[in-house]
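The shown structure was predicted, so the numbers you read here are calculated from the model rather than taken from an experiment. Every chain is numbered from 1 and lettered A, B, ... according to where its sequence line falls, protein lines coming before strand lines.
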Number of protein chains: 2
Amino acid sequence: MPKAPSQKEATMLDQLRRAGLKLTAQRLAVVREIADDCSHPTAQELFERLQAGLPKMSFATVYNTLDALVSAGLCTPRVLSPGATRFDPNTLPHHHAVCDRCGLVIDIPSEIGKSASIGSARSCSAPRAPKLPAGFAVRAVEQIVRGSCASCSH
Amino acid sequence: MPKAPSQKEATMLDQLRRAGLKLTAQRLAVVREIADDCSHPTAQELFERLQAGLPKMSFATVYNTLDALVSAGLCTPRVLSPGATRFDPNTLPHHHAVCDRCGLVIDIPSEIGKSASIGSARSCSAPRAPKLPAGFAVRAVEQIVRGSCASCSH
DNA sequence: ATGAGTGCAAATGCTTTGCATCCTG
DNA sequence: CAGGATGCAAAGCATTTGCACTCAT
């Protein structure tokens, strides 16, 4: 049996509707696939998974839909390593840990208010950034922690 | 007249020699081109500039040489936006400001010891990273400040 | 019914690879 | 003079584009 729509999924569909975008079978499938996926999939990966349910879906549609989600502010493209853009449905401020060896990506919630050595995206997003070039208007701050995950460090 | 070799250039060549790599005309040219370049050029850009002095140099050689520099720890590949890897000869800990509109990349020195909301790479590189996944061995922390540069904000 | 959305296939852009040739150490 | 390095061209991926057709609204 098909699983029930998650909260996140429902919200994303709702926002797509509000943005005046048509809810096609392909978009429903992409949203369902990515809404609760914290693995930061690439377009390739999503395409492959979606083949199961929609054998005729094309790459172009996957990219189109992801672009629509990005434009609607429902997910963020991330280039965490060379080769492929990943898509991140987590719209809360957070950073990423990336394993150099296996490529695993793990979300790191930014702890707002904590006197962190790693600042949160929110607290950094306007003031306090040190020595920024004059006139630079900050929109977002990303942090990437590189290293080896538990499995790869054995 | 050809400009005199910079300090940085001389050091890089020295380290390549120490690494047992042959100093070919192509490598000399790549090192000279990148050593004091803080614009974070792509392989394409370097290739185009190098054409002037070495019309027969191939792409493969540019990539080979850059790989050699990276392996020797003399420069770092950076994927700051989708599409192309940039090469960064600055080996001191620092972060980057990236302009969303024109793609300009600006180095931000990490101010070690400052109680910064943006932590320095060094101070973050082992302890203090909040809520890191258990067993994750940190090698480096990157920060990317996204927004609009002075010219693009007009 | 109408225009946004889709599928297909070809094109593009960055990077890698295979192999014969060259040249540094 | 031997093995690393180069040049060339073709192959490999990720992503984009053009266009005729389809379908959600």
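- For A:E48 and D:dC13, the CD to P distance is 12 Å, given to the nearest whole Å.
- Separating the CZ atom of B:R27 from the P atom of D:dG4 is a distance of 11 Å, rounded to the nearest angstrom.
- Judged by distance alone, with hydrogens and angles left aside, the side-chain atoms of A:K8 form a donor-acceptor pair with the main-chain N or O of A:P89 at under 3.5 Å.
- A donor-acceptor contact closer than 3.5 angstrom links the side chains of A:Q7 and A:T11.
- Proximity of B:D14 to B:R18: side-chain heavy atoms (C-beta onward) are separated by under 4.5 Å at one or more points.
- A heavy-atom distance below 4.5 Å is found between the side chains of B:V31 and B:L69.
- First and last contacts of DNA chain C with chain B, using any nucleotide atom under 4.0 Å from a protein heavy atom and ordered 5' to 3', fall at C:dC14 to C:dG25.
- Of the listed nucleotides (D:dG7, D:dA5, D:dT15), D:dG7 has the atom at the smallest distance from the side chain of B:S58.
- Side chain of A:R146 to main chain of B:A140: no donor-acceptor pair is present (N/O by atom type, distance under 3.5 Å, no hydrogens or angles).
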Residues B:H94, B:Q143; criterion side-chain contact (heavy atoms from CB on, under 4.5 Å); working and verdict | CA-CA 8 Å; B:H94 67 287; B:Q143 266 192 47; over 6 Å; no
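- Along DNA chain D, the nucleotide nearest to A:A84 and the one nearest to B:K56 differ in position, and the one closer to the 5' end is contacted by B:K56.
- Between the CG atom of B:L28 and the C1' atom of D:dT6 there is a distance of 14 Å, rounded to whole Å.
- If you take CD1 on A:I34 and SG on A:C75, they are separated by 4.5 Å, rounding to the nearest 0.5 Å.
- Going from atom CG of B:D67 over to atom P of D:dG4 covers 16 Å, rounded to whole Å.
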What pairs of nitrogen or oxygen atoms, one from the protein and one from nucleotides 17-25 of chain D, lie under 3.5 Å apart?
unit_1: D:dT25; atom_1: OP1; unit_2: A:L23; atom_2: N; d: 3.1

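- The distance from atom CZ of A:F59 to atom P of D:dC13 is 12 Å, rounded to the nearest whole Å.
- There is a side-chain donor-acceptor pair under 3.5 Å between A:S6 and A:D36.
- Across the protein-nucleic acid pair, B:Y63 atom OH and D:dG7 atom P stand 15 Å apart, rounded to whole Å.
- Remark: C1' of D:dA14 and CD of A:E45 are 12 Å apart, rounded to the nearest angstrom.
- Counting any heavy atom pair closer than 4.0 Å across all strands shown, B:T85 reaches sugar-phosphate atoms only and no base atom.
- For B:H95 and B:D107, the side-chain atoms include no donor-acceptor pair closer than 3.5 Å.
- Between B:R86 and A:G20, the one whose closest nucleotide on DNA chain C sits nearer the 5' end is A:G20.
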